[in-house]
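Counting convention: from 1, in listed order, for ligands and their atoms alike.
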Amino acid sequence: MRVAILSDIHGNFDALQAVAQELSPNDEIVILGDIVGYGAEPERCVEWVREKKARATLGNHEACILGLFPVSWFNPFAASAILWTREHLGPGSLSFLGTLPLSFEDYGCLFVHGSPRSPVDEYITDPWQAREIFEEQDFSVCFFGHTHVAEGYVWDGKRTERIVFLDGGELLLEEGKRYLINCGSVGQPRDGNPKASFGLFFVEERRIVIQRVEYDVRAAARKILLAGLPEVLAYRLEVGG
Ligand code: ZN
């Protein structure tokens, strides 16, 4: 069985389509939140997720759109994109977003947007923080998103090692070790590589492949400008930052 792990699509349908071309019809699909926000095609992205019957967790952008987080928690660009997105989602999509859980478990793994101890809003960014989470929380493998950086943390019971997947990569899960894995962002990478990022989990082999895919960044950026969304949201796609 192969599970495709997509996170932080952020309304970027051009990036999502490029990733979708790499998937097979038999893949199960998991989305780790932030389907919408920033990009100009939120409705098409939510429709795709529903059509594919993908399972998804709640992201901080969805939480804000649903009124669970105040808009004031976001920087002005994100806040204005959230308000724009709320106006550009149909009632069916909004009620779908309202059904998303904070996290779920399957294939022996935990799936969450932010972190196991604070599912929607904690950013995992360094090995010391990862170590705290390994010590506090009970999971073997956790897939997370939110930072838009493709990387992982491995805990062998003594120390935490950080793995960076800058232009993709592969990881074999070892018995006795624990993992926090971020497959990167589909629609707004922030690790200096503008290519869309996603993961493939080969469940029986316990193998994870992180893949980067080129897509029409210009087209996605143009749609953001035409929609009247903040210009910075278009330009950052070109640098992956
Ligand atoms: Zn995000």
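As for Asp34, its N/O/S atom nearest the Zn ion (ligand 1) is the one called OD2. The minimum distance between the Zn ion (ligand 1) and any N, O or S atom of Asp8 involves atom OD1.
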Check the pair Tyr38, Phe77 against ring pair (Phe, Tyr, Trp, His ring centres under 6.0 Å), reporting the backbone distance first and the verdict last. CA-CA 8 Å; Tyr38 298 132; Phe77 305 120; 9.7 Å; no
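Applying the side-chain contact (heavy atoms from CB on, under 4.5 Å) test between Ser197 and each of Arg190, His148, Gln211, Arg212 identifies Arg212 as the sole match.
Look at His10 and the Zn ion (ligand 1): an N/O/S atom of the residue is under 2.8 Å from the metal. With a cut-off of 2.8 Å, the Zn ion (ligand 1) has no N, O or S atom of His113 in range.
In the model, Arg131 has no side-chain atom that pairs as donor or acceptor with a side-chain atom of Gln129 under 3.5 Å.
Taking CD from Glu151 and CD1 from Ile210, the interatomic distance works out to 10.5 Å, rounded to the nearest 0.5 Å.
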